[in-house]
Amino acid sequence: MVIGVMRLTLFLPENHSLKGKRQVLRAIKDRVRNKFNVSIAESDSHDMWQRAELGIAQVGSDRAFVDGALREVVNFIDSLGLVPLGEEQLEIINY
């Protein structure tokens with residue numbers, strides 16, 4: 001079993017409230033869940049208006065599949081054009 005965990009930082013430069021941030025994040029998370037079979041949640045920067053951190057996890061039997069699936073999720077979020085992407089950290093664990 002291979003487990004892939006990605007931490008993705010998003011910037012929301014035009015946002016001026018936590019309500020606006022939650023609205024954008026909800027739209028991103030819902031679209032990702034509908035398109036991909038991954039777990040996704042806000043994992044840090046809960047009280048910051050213009051920054052968010054998402055945790056994304058994928059489990060599979062092949063390392064290349066897990067890596068590719070997580071890369072596709074990042075590309076999809078970028079293609080939505082809702083927020084600029086920041087740093088991404090990927091860890092793949094063979095369990």
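The chain is numbered in sequence order, starting from 1.
In the hydrophobic clustering of ILVMFWY residues, with side-chain heavy atoms under 4.5 Å counting as a link, Ile77 and Phe11 come out apart. Val59 and Ile92 fall into different hydrophobic clusters, where Ile, Leu, Val, Met, Phe, Trp and Tyr side chains are chained together by heavy-atom contacts under 4.5 Å. Clustering ILVMFWY residues whenever any of their side-chain heavy atoms sit less than 4.5 angstrom apart, transitively, puts Ile93 in a cluster other than the one holding Ile40. When hydrophobic clusters are built by joining Ile, Leu, Val, Met, Phe, Trp and Tyr residues whose side-chain heavy atoms come closer than 4.5 Å, directly or via intermediates, Val5 is not grouped with Val2.
Residues satisfying the side chain to side chain contact (heavy atoms under 4.5 Å, CB included) criterion with Phe76, sequence neighbours excluded, are Arg31, Val32, Lys35, Phe36, Ser79, Leu80. Looking at residues two or more places apart in sequence or on another chain, you find a side-chain hydrogen bond (donor to acceptor under 3.5 Å, both in side chains) between Gln89 and Glu87. By the side-chain hydrogen bond (donor to acceptor under 3.5 Å, both in side chains) test, Glu14 is found to be paired with no residue, residues two or more places apart in sequence or in another chain being considered. Checked against side chain to side chain contact (heavy atoms under 4.5 Å, CB included), Asp78 has the following partners two or more places apart in sequence or in another chain: Leu85. In this structure Val83 satisfies the side chain to side chain contact (heavy atoms under 4.5 Å, CB included) test together with Leu10, Leu12, Val24, Ile28, sequence neighbours excluded.
The CD atom of Glu91 lies 10.0 Å from the CD1 atom of Ile3; values are rounded to the nearest 0.5 Å. In this structure, CG in Asn75 is found 11.0 Å from CG in Leu70, a value given to the nearest 0.5 Å. Separation of atoms OG (Ser43) and CG (Leu54) is listed at 6.5 Å; rounding is to 0.5 Å. Here CG of Leu18 is found 12.5 Å from CD of Gln23. Values are rounded to the nearest 0.5 Å.
Looking at Gln50, its side chain does come within 3.5 Å of a backbone N or O of Pro13 through a donor-acceptor pair.
Here salt bridge (Lys or Arg N to Asp or Glu O under 4.0 Å) pairs that include residues 52-70, with residues two or more places apart or in two chains, are Arg7-Glu53, Asp67-Arg71.
Tested against Glu42, the residues Arg51, Lys29, Arg22 include a single salt bridge (charged side-chain N to carboxylate O under 4.0 Å, His left out) partner, Arg22.
Taking every heavy atom of both residues into account, Leu82 and Ala27 meet most closely at CD1-CB, 4.5 Å.
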